[in-house]
Amino acid sequence: MSNDFKKNQSIKMNSDELVTPIMIFAMVSPVLGYFMVKLFGISFDKVGTYGDFIGGSTVPFLTTITILYIYQTNNLQREQLNIQKSEFSLLQQEMESTKEALQDQSKTTKMQRFENSFFVQIKEVRDAKKEIVVEYNNTAWGRTSFTTYKAIMSNFQDIFYTKLHQKIETSSDDLFSISEKDNKKEYYKFYGELASAAIDESGIHSKESIQNFLYLINRCLQLIYHYKNIMDEWEKTFYLEYLYKEITKDTINLVIFDMCLHGPNKSMIRELNFDQFADSTYIKSSRADFRLINYILYQKSD
């Protein structure tokens with residue numbers, strides 16, 4: 001680029017140097033002819049040839065000047081266009097940087113709003129866990145050794161699984177008369193009804209504190225779902241895991257079963273892939289239980 005610039009500068013200097021003598025010659029030539037007539041007594045008839053010579057010689061010079069100026073103007077315009085293109089490119093880069101900065105700022109603002117709301121909800125979840133302990137210990141069951149949230153909810157989960165497997169055993173003839181392979185819809189409908197009844201009979205729906213706890217869990221999921229499009233994948237996973245740890249591994253299966261069978265937002269659980277936290281190694285669970293969840297959420301059993 002520096003070589004082109006030097007070349008253009010050289011052409012510009014050469015053309016400027018030629019302009020002055022050419023203009024002087026063009027202006028002096030008529031005067032020279034006049035002096036030739038007056039001082040030397042040369043007749044106008046005889047200077048006709050000289051006039052033709054002057055006209056013929058000055059016109060090319062003037063034409064050359066015009067061409068040089070046109071060439072110089074063209075180079076200047078080309079340089080200006082290149083400068084404008086460079087400035088426009090810089091302006092585009094600056095606008096892109098500004099756009100990215102505004103997007104980052106917007107995301108930061110939205111994430112701050114989300115985090116404020118999310119951790120308020122988490123605090124309410126923790127308060128609800130304390131209320132579960134208080135309510136449970138105020139009942140006849142409170143005389144037992146289940147005095148912590150983890151122990152109480154683990155006990156309810158055990159009751160749920162015990163009730164479910166009792167119902168499966170009692171209804172085994174009816175259940176297995178329906179082929180899971182050939183009629184999945186009827187099979188999982190019947191299996192879901194048994195699981196739903198087992199949840200009801202576990203006693204969690206009779207406890208106001210547990211109902212509030214499940215409601216707050218659903219609120220947290222709704223919040224994550226609402227903001228999921230502005231989050232990176234690792235951020236979404238982080239907040240889902242944070243919520244899962246509040247629920248605890250000893251309670252997660254009962255919560256997921258209840259949300260899938262009784263909750264109105266199955267699509268939300270599916271899109272957030274919250275069922276990934278289900279504990280498939282739980283000692284009282286069976287593969288059929290998790291195939292039920294899989295079928296409810298994704299309409300497939302595997």
If you round to the nearest 0.5 Å, how far is [atom2] of [Y] from [atom1] of [X]?
X    : Y    : atom1 : atom2 : result
I293 : R270 : CD1   : CZ    : 14.5 Å
D275 : N294 : CG    : CG    : 7.0 Å
S86  : L81  : OG    : CG    : 12.5 Å
S267 : L272 : OG    : CG    : 9.0 Å
Q222 : L216 : CD    : CG    : 11.0 Å
K284 : D158 : NZ    : CG    : 4.0 Å

Examine distances only and state if a side-chain atom of [X] and a backbone atom of [Y] form a donor-acceptor pair shorter than 3.5 Å.
X    : Y    : result
Y149 : I247 : yes
S154 : A151 : no
N138 : V134 : yes

* To do: Give a yes or no on whether E208 atom CD has more than 12 heavy-atom contacts from other residues, nucleotides or ligands under 6.0 Å away.
  =>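 Counting neighbours around CD of E208, 12 or fewer heavy atoms of other residues, nucleotides or ligands fall under 6.0 Å, so no.
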
* Is the number of heavy atoms from other residues, nucleotides or ligands within 6.0 Å of NZ (K189) greater than 12? -> no

* Asked: Should the pair K228 and Y225 be classed as cation-pi, given the thresholds of under 6.0 Å to the six-membered ring centre and 45° from the axis?
  -> yes

* Decide, yes or no, whether a salt bridge links E124 with R219 under the criterion of side-chain N to carboxylate O below 4.0 Å. =>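 Looking at E124 and R219, the cut-off is not met.
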
* To do: Look at the rings of Y242 and F119 and say which category their plane angle falls in: under 30° parallel, 30 to 60° tilted, over 60° perpendicular.
  =>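 Because their plane-to-plane angle is over 60°, the rings of Y242 and F119 count as perpendicular.
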
* Asked: When you look at Y227 and F118, which way does the ring-ring contact (aromatic ring centres under 6.0 Å, His included) test go after all the steps?
  -> CA-CA 11 Å; Y227 284 93; F118 180 76; over 10 Å; no

* Find out if a path of hydrophobic residues (ILVMFWY) with successive side-chain heavy-atom gaps under 4.5 Å connects I224 to V120. => no

Nearest non-hydrogen partners of [X] and [Y], listed with the distance:
X    : Y    : value
D258 : H205 : OD1-NE2, 2.9 Å
C260 : I296 : O-CG2, 3.7 Å
F257 : L292 : CE2-CD2, 4.1 Å
L261 : G192 : CD2-O, 3.9 Å

* Side chains of I283 and Y161: closer than 4.5 Å at any heavy-atom pair? -> no

* Determine, step by step, whether E233 and K236 satisfy the salt bridge (Lys or Arg N to Asp or Glu O under 4.0 Å) criterion, reporting the C-alpha distance in whole Å, the side-chain angles of both residues, the deciding distance to 0.1 Å, and the verdict. => CA-CA 5 Å; E233 193 63 30; K236 185 176 69 174; 3.5 Å; yes

* Determine, using ring centers only, whether Y295 and Y191 are less than 6.0 Å apart. =>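 Ring centroids of Y191 and Y295 are no less than 6.0 Å from each other.
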
* **Flag for D289-S286: side-chain donor and acceptor within less than 3.5 Å** => yes

* Under the criterion ring-ring contact (aromatic ring centres under 6.0 Å, His included), which of F114, Y244, F274 is the partner of Y239? -> F114

* Among M153, K129, E131, E135, the one residue meeting side-chain contact (heavy atoms from CB on, under 4.5 Å) with I210 -> M153

